[in-house]
Amino acid sequence: MNTTFRFIVLEGIDGSGTTTQLECLAKLLRADGNAVVTTSEPTPGPVGRLLRQALEGSLSPDVDGCSQFDWVTLALLFAADRANHAQSLIVPTLAQGKVLLCDRYDLSSRIYQSVTAADPEAALPWLCILNERVPRPDLTLVLDIEPELAEKRRSTRGAPPELFEQNQLQRKLARAYCEAEKYVPNDRLKHIPGELSISEVTERLYAACQSGVG
Ligand code: TMP
């Protein structure tokens, strides 16, 4: 059955399974005859590549030793990467009537950058304004997971922890994702239990994509 949702976003803390689920969900939707494009943020574009370096801690230090970005700089870069993503891929894909599945979008900015700001309450309205020119998703699917389980999953990857992959911060982020509606009050959002098996999570995501049908 074709889904009526066109722009679908997967969200959650690091290790919640959004990247794995993106292709699993795309496969099920394609089997139904939907033309599906998958994408992710940060993007592989120029701003996204800079963000990856910041996340991995591999920015080249300049003469003043400024090799780390604060939350404001990161918020601006994530918003710039998203604007470029919207213009180059999101808008044209949606205009072709295709389904676009995106691993992370501005809910990540609203949650990660506000939670890491000195004053999260004051940061949120600014983050919303910063991202107000990009299209709104039709459906955002949040993978809720115990931070301890996500931590175990991340440690089996064997890669060094990225910028936000600190256990205490991930617990705060998990609490924020549980109340994700607060961050995107006008969007359609559904929570999916992320601790289920990969195939069970995919089934739940798929069912959520069908809930707009009929
Ligand atoms: P990922 O490879 O797990 O998607 O990693 C991206 C990291 O960047 C993850 O820790 C979430 C973070 N992030 C933000 O802080 N703000 C954003 O807007 C986005 C898209 C990601």
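Order of appearance sets the numbers: ligands from 1, and atoms from 1 within every ligand. This is a predicted model, so every value here is computed, not measured. These values consider heavy atoms only, across backbone and side chains, with no hydrogens, waters or symmetry-generated copies.
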Got a donor-acceptor contact below 3.5 angstrom from the Glu11 side chain to the Ser108 backbone? yes
Within ligand 1, which atoms have a heavy atom of Pro42 less than 4.0 Å away? 6 (C)
Considering non-hydrogen atoms only, spot the tightest contact between Thr202 and Leu25 and give its length. CG2-N, 3.8 Å
Return the residue, atom name and 0.1 Å-rounded distance of the protein heavy atom closest to atom 15 (O) of ligand 1. Gln113 NE2, 2.9 Å
Of the listed options Phe164, Trp71, Phe78, closest to atom 19 (C) of ligand 1 (non-hydrogen atoms): Phe78
Closest approach of any protein heavy atom to atom 9 (C) of ligand 1, naming residue and atom: Asp14 OD2, 3.2 Å
Leu196 reachable from Ile13 in the ILVMFWY side-chain graph, under 4.5 Å edges: no
May I ask you to test the Gln170-Glu151 pair for a side-chain heavy-atom distance under 4.5 Å? no
Atom 4 (O) of ligand 1 sits nearest the protein heavy atom Arg104 NE, 3.0 Å
Which option wins on minimum heavy-atom distance to atom 5 (O) of ligand 1: Arg52, Glu11, His85? Arg52
Atom 18 (O) of ligand 1 [closest protein heavy-atom partner, distance rounded to 0.1 Å]: Ser109 OG, 2.6 Å
Who passes ring pair (Phe, Tyr, Trp, His ring centres under 6.0 Å) against Phe69, sequence neighbours left out? none
Report yes or no: does Glu165 have a heavy atom closer than 4.0 Å to ligand 1? no
Check Leu55 against ligand 1 and report side chain, backbone, both or neither, counting heavy atoms closer than 4.0 Å. side chain
Quick one: are Arg136 and Val184 in side-chain contact, heavy atoms under 4.5 Å? yes
Kindly indicate, with the supporting measurements, whether the criterion ring-ring contact (aromatic ring centres under 6.0 Å, His included) is fulfilled by Tyr105 and Phe7. CA-CA 11 Å; Tyr105 196 55; Phe7 185 14; 5.0 Å; yes
